[in-house]
Amino acid sequence: MAQEVWVGTWRPHRPRGPIMALYSSPGPKYLIPPTTGFVKHTPNKLRAPAYSFHGAPMLLAENCSPGPRYSVNPKILRTGKDLGPAYSILGRYCTKTTLTPGPGDYSPEKSTKHVFDLAPSHSISARTKTFRVDSTPGPAAYMLPVVMGPHTVGKASRPAFSIKGRSKLGSFSDDLYKTPGPAAYRQTNVQVTKFKAPQYTMAARVEPPGDKTLKPGPGAHSPEKVTVTKPCAPIVTFGIKHSDYMTPLVVDVE
């Protein structure tokens with residue numbers, strides 16, 4: 001049995017479409033527009049009118065009019081309803097009761113000043129706030145019109161002239177040529193066209209990395225209190241003071 005030389009499922013087959021590597025001329029690249037039909041017709045040829053075939057029309061219903069679908073009331077004529085008088089029984093209406101004043105709500109004795117002639121009566125009231133402040137202007141509120149200058153009232157004034165600033169148009173400082181002066185040009189940096197000198201910057205001081213935690217100094221240690229590795233003198237402690245009247249604890253030892 002011969003060994004298969006093909007790897008995978010691919011096998012040589014006929015191409016499904018034109019491949020450009022199989023042609024030495026541009027051949028299939030260019031497609032001449034057709035002279036028949038309507039779609040993509042060549043623009044330099046006359047194109048005949050094209051017609052399309054329409055599908056079959058839908059079948060209409062057998063009854064095109066609403067006919068028996070609508071139920072018209074036989075009592076309705078072209079002049080209106082042909083009915084007798086009809087009455088309906090409704091519930092009792094809710095009537096609103098309005099409260100009217102009684103005889104005790106009137107004060108006839110207070111109507112004498114409106115019916116009969118009475119003498120004038122005056123009442124004493126408190127002083128109003130506007131009375132305390134005098135609203136009439138004083139002598140200093142008036143100001144006589146000026147008699148000097150052009151703004152006089154009722155007087156003939158002399159002609160007044162004002163001194164105006166010097167106009168820049170047509171003066172000796174007027175630039176007729178509109179040309180820039182020497183100060184209008186910006187001086188080019190020399191380092192743009194020539195060799196640039198070395199530049200140095202001064203940076204901050206660099207601190208070496210280390211442990212910045214606070215550590216105890218020599219005075220924080222107490223070597224004289226160490227009794228673990230050195231001999232210690234006997235230490236005597238004071239006991240509890242006992243009463244003389246208390247019976248001591250006697251333990252019989254056999």
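No experiment lies behind these values; they were computed from the predicted model shown.
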Thr35 and Lys45 have their tightest heavy-atom pair at CG2-CG, 4.0 Å
Crowding at [atom1], [X] (>12 non-hydrogen neighbours, <6.0 Å):
X	atom1	value
Gln191	CD	yes
Leu77	CG	yes
Lys215	NZ	yes

Do Lys155 and Met148 have side chains that get closer than 4.5 Å, going by heavy atoms?
-> no
Would you say the side chain of Arg47 lies within less than 4.5 Å of the side chain of His41, judging by non-hydrogen atoms?
-> yes
For the side chain of Lys196 and the backbone of Lys194, is there at least one donor-acceptor N/O pair under 3.5 Å apart?
-> no
